[in-house]
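Each ligand, and each atom within it, is numbered from 1 in the order the structure gives. Not measured: the values here are computed from a predicted model.
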Amino acid sequence: MSNKVSHDEAVNLMIPIAQRAGIETVWDRYEQQQPQCGFGSLGVCCRVCWQGPCRIDPFGEGPQTGICGADANTIVARNLVRGIAAGTAAHSGHGKHIALTLLELSEGHAPDYSVKDEAKLQRVAKLLGISVEGKEVMEIAKEVAEKTLDDFSRQDEAIPCTWLENTLPKERLAKLGKLGAKPHNIDGAVADIMARTHIGTDADPVNLLLGGIKSALADYTGMYLGTELSDVLFGTPQPVVSSANLGVIKENAVNIAVNGHNPLLSELVVDVAAEMNEEAKKAGADEGINIVGICCTGNEVLMRRGVSLATNFLSQELAVVTGALDAMVVDVQCIMPSLTKVMECFHTELITTMPTCKIAGATHVEFATETAAESAKEIVRLSIEAYKRRNSAKINLSDKKSTVYAGFSAEAIVGALAMVDENDPLKPLIDNIVNGNIKGVALLAGCNNPQVVQDASFTTIATELAKNNVLLLATGCAAGALAKGGLMTPEATEEYAGDTLKAVLTAIGQAAGLNGPLPLILHMGSCVDNTRAVAVATALANKLGVDLDKLPVVASAAECMSEKAMAIGTWAVSLGLPTHLGVVPQVLGSPVVTEVLTETVKGLTGGYFMVETNPQAAAAKLLAAIEERRAGLGL
Ligand code: BF8
Ligand code: SF4
C-alpha cells in the first residue's frame with residue numbers, strides 16, 4: 001500500500017500504527033479489491049433478476065443484451081436510478097424521522113425534545129403556507145409536522161410536494177413540471193423507481209433517467225425538510241469556532257464519537273454528557289466527557305454545538321486506532337461495518353442505536369423518541385465503563401488538529417451580510433458578484449472515496465477556486481476534509497483567497513464583528529444541509545428575477561461515493577447547476593446515459609455533469625462554467 005493514501009497527515013501517521021498492530025483499514029481492503037470489476041465499473045452488470053447475473057460486453061464482441069433482452073443503456077440507467085432511489089430513501093427517511101419526532105413532541109410524546117428555535121418554526125410555517133396567528137407553539141409545530149408528513153403520503157399526483165413547491169424559483173418549478181419531474185410523494189417516488197426497474201418494465205433509458213430526476217427531487221425535498229425541522233428542534237446554526245482532526249481525541253477524557261447522520265440522538269448525547277461529567281471524572285477522566293464527531297453527525301453537532309470533528313468518512317477506523325476512543329455511537333449511513341473488527345483490538349465500545357442499522361458484534365442500545373434521554377444516558381454510562389478498560393500501552397494519540405469556523409446556515413450568512421446592509425442583506429453579495437469581486441459560488445460537497453487520495457482533490461479545487469475569487473461553501477465529508485486541513489479559517493482567507501474575494505470576506509467579517517475576514521470556506525453543515533446552499537441560491541435568483549441555471553453557481557463532489565451522493569448530484573443538475581464529479585460514475589457502459597448526463601440534460605434543466613478526476617483540471621472546468629454563466633448574464 002502506498003503510504004500517501006491521504007492528504008491528511010494525521011491519517012498518514014496513524015496508518016503505520018494500524019499496520020504494525022495488524023489492523024486492516026479501508027485502504028487495505030481497497031487494495032485487496034484490485035483490479036475492480038470492469039463490468040461493474042461501466043455499469044453494465046445486471047442482477048435485477050435470477051435469470052442473471054447478466055453483463056454486456058463493452059467491446060461489442062460478446063453479448064449485447066441480458067437474458068431478458070435488456071441492453072447496456074437500459075441496464076446502466078436502471079442501475080443508476082436504483083442508486084438514486086436508495087439515496088432518496090436514506091435522506092428522506094432521516095427527514096421523516098425528524099418530522100415524526102416534531103409531531104410526537106407536539107402531541108406530548110417526546111418529553112426529551114423541545115422547539116429550540118421558535119422563530120425558525122414561525123418561518124417554516126410561513127414557508128409552508130400555515131398561518132401562525134394566535135396559535136400556540138405546539139399547535140404550529142403539529143401543523144408543520146403534519147403538512148410535512150403529507151409530502152410522504154399524498155396520493156394526488158397533481159399536487160407536488162409542498163417542500164419542493166415552496167422552496168424553488170417559479171421558473172425552475174415550471175421547467176421541472178414540464179418534465180413531469182415534480183414528485184407529489186417522496187416515498188412514492190422511491191417506490192416508483194423500484195417498480196419501473198423490475199425485470200421487464202421500463203426499458204427506455206431516457207424515461208428511466210427522468211424517473212431518476214423525479215426521485216432526486218424527492219431526495220431534495222426530504223433533505224430540505226430534514227434540515228429545516230432539525231433547526232426547529234435543535235436550533236439554527238450560527239457561526240462557531242471549534243477544532244477538527246484526530247487530535248481532538250484527548251488522553252484524559254472519556255472520548256465518545258458520534259458517527260452517522262441523524263441529530264436526534266447525538267444532540268441528546270451531547271446534552272446528557274454535560275450532566276454526566278462528574279461520573280466520568282470519578283472514573284479517573286480528569287477532563288470529563290469529550291464528545292467528538294465523525295462524518296455528518298459530526299457536522300450536525302459541530303454546526304449547532306461547536307463539538308469538535310474527529311474525522312471524515314474514510315478515516316473513521318483510525319479514530320479507534322488512537323486507542324483512546326472509548327465509544328463510538330452510530331445511527332445510520334456511512335458507518336463502516338469493519339469497525340467491530342478494529343475494535344476487537346481495543347477497549348472501544350461500538351454502540352448501534354437504530355433498528356435499521358445493527359452491526360454484528362456491536363452493542364445495541366435501541367433509541368426511541370419517547371425515551372431518548374434514557375438511551376443517551378445508557379450510552380454515556382457504557383462509554384465510561386469502557387474508559388475504565390483502556391489499555392494505556394495501546395494509546396497513540398494524534399497531535400494534529402486545526403481550527404475550524406463552522407455554523408454558516410443560510411440564516412447565518414444572511415445575518416453576516418445584514419451587518420453590511422441591514423435593509424437589503426443580499427445586495428452586498430449581488431453587487432460583488434456583478435462587479436466581479438466574487439466570480440461566482442462553488443459548493444464543495446460529497447464523500448471520500450479510496451479511489452482518490454483522501455481530501456486531496458477538495459483541497460486543490462478549493463485553493464484553486466479561492467485564488468480565482470470564487471466564494472466557497474462546503475458540506476458533508478468535503479467540509480470535514482477542508483476543516484481538518486485548516487481551510488475553514490480567516491487565516492486561510494489571508495493565505496489563499498484572491499485579492500478581491502479577500503477584500504469582500506474581510507469587509508463582511510469586519511462588519512460582522514469578527515475582527516478579520518470570514519473563513520475561506522463557509523461550512524454549511526452535513527450532507528442533508530446541502531439544501532441550505534439552495535436556499536441561498538434561490539434567494540439570489542429570486543432577487544435577480546432569474547432562474548437558478550443562470551447564476552454563476554457550480555457544485556463539485558470531488559470524492560463522491562455513496563448513493564446519497566448520486567441523488568444529490570442528480571438534483572443539483574436538475575436545479576440547473578454545472579456539477580463536477582471527481583470519481584468516474586458507473587455509467588460509461590451506456591453511450592445514451594453518458595450523453596444524457598453530460599450533454600442532453602443541458603437542454604432540459606440547464607445543469608449537467610462534468611467528470612474530471614484531475615483536481616487541477618476540475619477547478620479549471622468549474623471556473624470555465626462560472627465564466628460561461630457570467631457571460632450569459634452579461635457580466
Ligand atoms: O451524508 S459525505 S461519506 S458521511 S454520504 Fe457519507 Fe458521503 Fe460523508 Fe454524510 Ni454524505
Ligand atoms: Fe439479466 Fe434481464 Fe434479469 Fe437483468 S433483468 S439479470 S439483464 S435477465
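Residue Val248 is tested with Ser242, Ser308, Ser398 for a side chain to side chain contact (heavy atoms under 4.5 Å, CB included); the sole match is Ser308. The side chain to side chain contact (heavy atoms under 4.5 Å, CB included) test with Ile359 singles out one residue from Ile335, Leu339, Ile351, and that residue is Ile335.
Between the side chains of Asp151 and Thr221, no donor-acceptor pair of N or O atoms lies under 3.5 Å. Judged purely by distance below 3.5 Å, without hydrogens or angles, the side chains of Asp529 and Thr227 pair a donor atom with an acceptor atom. Using modelled atom types, one finds no donor on one side chain facing an acceptor on the other under 3.5 Å when comparing Glu300 with Ser230. Between the side chains of Gln36 and Ser41, not a single donor N or O lies within less than 3.5 Å of an accepting N or O. For the residue pair Asn448 and Asn312, a side-chain donor N or O sits within less than 3.5 Å of a side-chain acceptor on the partner.
Within the protein, the number of N, O or S atoms lying under 2.8 Å from atom 7 (Fe) of ligand 1 is 1. Protein N/O/S atoms closer to atom 4 (Fe) of ligand 2 than 2.8 Å number 1 in this structure.
The aromatic rings of Tyr224 and Trp163 lie tilted to each other, with the angle between the two planes from 30° to 60°.
When the heavy-atom distances from atom 4 (S) of ligand 1 to His261, His91, Glu563 are ranked, the shortest goes to His261.
Within a 6.0 Å sphere centred on CZ of Arg29, heavy atoms belonging to other residues, nucleotides or ligands number more than 12. Around the NE2 atom of His364, the shell of radius 6.0 Å holds more than 12 heavy atoms that belong to other residues, nucleotides or ligands.
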